[in-house]
Amino acid sequence: MNPRHELDALTGLFGGSDALVSEAEHIPSALTPEPYKQMLVHDHHMTVTMEEYHGCKVDVKIIDRHLEEDTYTRKILLLKSGTDEVVQFGIVRFNFAYVTPTVREEILAGQIPLGRVLINHNVLRHIDLAAILRVTPGPELLGYFGMNPGDVTYGRLATIFCNHQPAVDLLEISAPLTATE
């Protein structure tokens, strides 16, 4: 997998990819600075990692979504529960052929973060980390994160395998973090 091609494919699902990411550089996992390394370089659900890091549950806010047969795509924000504070931006491309109708319906309802749905339904899964990205956000992402032009943050590309099948492609970008959080 070429990280730039996968990034472009995922951001292109909703048009205006330059509005999301101005620049992105694939960096080695070992060179990811803390606290981003703790947040991104692992094979766990980002939902759980964000909740542990921020010390609270997270809520999902769907910005846009599309469903075409078994392929579901959505652009989301994860927020600290009960607040408007964004902790993560994400794009998901999910092949529903690998999950039950119940899981599909709960994901489509959009009330619970994807990782939590899979965990709650005990879907046999593992996550393959594909790439760590150093991201200079475009105007849309700057607005979500309250960042200034030229600021950087970090994200990752990953695939979730459900029942041994590559079911979910992910772009997950962390809101800016400081070493003292």
Side-chain angles (χ1 to χ4, degrees), residues 1-50 53-54 58-68 71-80 83-95 107 110 113-115 127-160 166-179 181:
M1 180 210 55
N2 178 312
R4 185 69 220 193
H5 292 156
E6 184 64 10
L7 175 65
D8 290 344
L10 289 171
T11 57
L13 291 170
F14 297 96
S17 61
D18 290 344
L20 290 171
V21 176
S22 177
E23 294 179 36
E25 175 187 5
H26 177 209
I27 62 169
S29 295
L31 299 181
T32 306
E34 290 294 355
Y36 296 99
K37 187 173 189 176
Q38 169 189 343
M39 292 295 293
L40 300 167
V41 182
H42 56 78
D43 59 359
H44 309 290
H45 284 286
M46 286 296 288
T47 303
V48 173
T49 302
M50 286 289 172
Y53 184 84
H54 292 287
V58 295
D59 298 328
V60 64
K61 178 180 179 181
I62 298 173
I63 300 165
D64 198 359
R65 63 178 136 194
H66 305 282
L67 177 62
E68 188 173 317
T71 302
Y72 176 62
T73 56
R74 73 182 184 189
K75 180 166 54 166
I76 63 101
L77 298 173
L78 290 182
L79 311 166
K80 285 187 176 181
T83 74
D84 291 329
E85 185 179 345
V86 177
V87 297
Q88 179 186 307
F89 168 85
I91 294 178
V92 175
R93 180 176 52 215
F94 199 128
N95 183 340
I107 291 167
L114 173 68
I127 300 167
D128 281 355
L129 176 62
I132 298 295
L133 303 171
R134 181 178 187 267
V135 176
T136 304
E140 183 179 348
L141 203 52
L142 287 173
Y144 295 142
F145 290 158
M147 297 172 69
N148 296 312
D151 288 351
V152 298
T153 188
Y154 292 81
R156 74 182 194 165
L157 295 167
T159 300
I160 300 175
V168 187
D169 294 315
L170 302 166
L171 167 63
E172 300 166 311
I173 301 175
S174 175
L177 302 172
T178 60
E181 280 192 65

Visitor: Would Ile127 and Arg156 count as a side chain to side chain contact (heavy atoms under 4.5 Å, CB included) if you check the C-alpha gap in whole Å, the side-chain angles of each, and the deciding distance to 0.1 Å?
Guide: CA-CA 12 Å; Ile127 300 167; Arg156 74 182 194 165; 4.2 Å; yes

Visitor: Is the shortest heavy-atom distance from the side chain of Glu140 to the side chain of Lys75 under 4.5 Å?
Guide: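 Side-chain contact under 4.5 Å: yes.
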
Visitor: Can you find a pair of side-chain heavy atoms, one from Phe14 and one from His66, that are under 4.5 Å apart?
Guide: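 SC-SC contact between Phe14 and His66 confirmed.
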
Visitor: Mind checking ring-ring contact (aromatic ring centres under 6.0 Å, His included) for His26 and listing every partner two or more places apart, or none if nothing turns up?
Guide: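 Here no residue qualifies.
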
Visitor: Which residues pass the side chain to side chain contact (heavy atoms under 4.5 Å, CB included) test with Pro166, not counting sequence neighbours?
Guide: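 By the side chain to side chain contact (heavy atoms under 4.5 Å, CB included) rule, Pro166 matches Thr159, Phe161.
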
Visitor: Mind checking what makes side chain to side chain donor-acceptor pair (under 3.5 Å) contact with Thr32, not counting sequence neighbours?
Guide: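 Thr32 satisfies side chain to side chain donor-acceptor pair (under 3.5 Å) with no residue once adjacent residues are dropped.
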
Visitor: What are the two closest non-hydrogen atoms of Leu177 and Pro35, and how far apart are they?
Guide: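 So the two residues come closest at CB-CG, 3.6 Å.
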
Visitor: Between Ile160 and His45, is any pair of side-chain heavy atoms under 4.5 Å apart?
Guide: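 Contact flag for Ile160/His45 side chains = yes.
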
Visitor: Which residues satisfy the side chain to side chain contact (heavy atoms under 4.5 Å, CB included) test with Leu13, sequence neighbours excluded?
Guide: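 By the side chain to side chain contact (heavy atoms under 4.5 Å, CB included) rule, Leu13 matches Leu10, Thr73, Ile91, Arg93.
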
Visitor: Working note: Val168 + Val92, criterion side chain to side chain contact (heavy atoms under 4.5 Å, CB included); need CA distance, chi angles, decisive distance, verdict.
Guide: CA-CA 7 Å; Val168 187; Val92 175; 3.6 Å; yes

Visitor: More than 12 non-hydrogen atoms from neighbouring residues, nucleotides or ligands closer than 6.0 Å to CG on Asp43, yes or no?
Guide: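 Correct, the count exceeds 12.
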
Visitor: Restricting to side chain to side chain contact (heavy atoms under 4.5 Å, CB included), what partner residues turn up for Glu23, sequence neighbours left out?
Guide: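 With neighbours one apart ignored, the set is Thr136.
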
Visitor: Distance-only, no hydrogens or angles: does the Arg74 side chain make a donor-acceptor pair with backbone N or O of Phe94 under 3.5 Å?
Guide: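 Checking the backbone N and O of Phe94 against the side chain of Arg74, no donor-acceptor pair under 3.5 Å is found.
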
Visitor: Return the set of residues passing side chain to side chain donor-acceptor pair (under 3.5 Å) with Tyr72 (not counting sequence neighbours), or none when no residue passes.
Guide: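 Here no residue qualifies.
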
Visitor: Would you say Pro176 and Asp151 make side-chain contact, with heavy atoms under 4.5 Å?
Guide: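 Sidechains of Asp151 and Pro176: no contact.
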
Visitor: Donor-acceptor check, side chain of Thr71 to backbone of Leu67, threshold 3.5 angstrom: yes or no?
Guide: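 Checking the backbone N and O of Leu67 against the side chain of Thr71, no donor-acceptor pair under 3.5 Å is found.
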
Visitor: Ignoring hydrogens and geometry, is there a side-chain-to-backbone donor-acceptor pair from Ser174 to Tyr154 under 3.5 Å?
Guide: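 No.
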
Visitor: Look at the aromatic rings of Phe89 and Tyr144 and report parallel, tilted or perpendicular, splitting at 30° and 60°.
Guide: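 The arrangement is parallel - the two ring planes meet at less than 30°.
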
Visitor: Listed by chain and number, what are the ring-ring contact (aromatic ring centres under 6.0 Å, His included) partners of Phe145, not counting sequence neighbours?
Guide: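 Partners of Phe145 under the ring-ring contact (aromatic ring centres under 6.0 Å, His included) test: none.
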
Visitor: Check side chain to side chain donor-acceptor pair (under 3.5 Å) between Gln88 and all other residues, then give those that pass, not counting sequence neighbours.
Guide: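 By the side chain to side chain donor-acceptor pair (under 3.5 Å) rule, Gln88 matches no residue at all.
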
Visitor: Tell me, please, which residues at least two apart from Arg4 pass side chain to side chain contact (heavy atoms under 4.5 Å, CB included).
Guide: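 Applying side chain to side chain contact (heavy atoms under 4.5 Å, CB included) to Arg4 gives Asn2, Leu7, Asp8, Ala24.
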
Visitor: Could you tell me if the side chain of Met39 sits less than 4.5 Å from the side chain of Met50, heavy atoms only?
Guide: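 SC-SC contact between Met50 and Met39 confirmed.
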
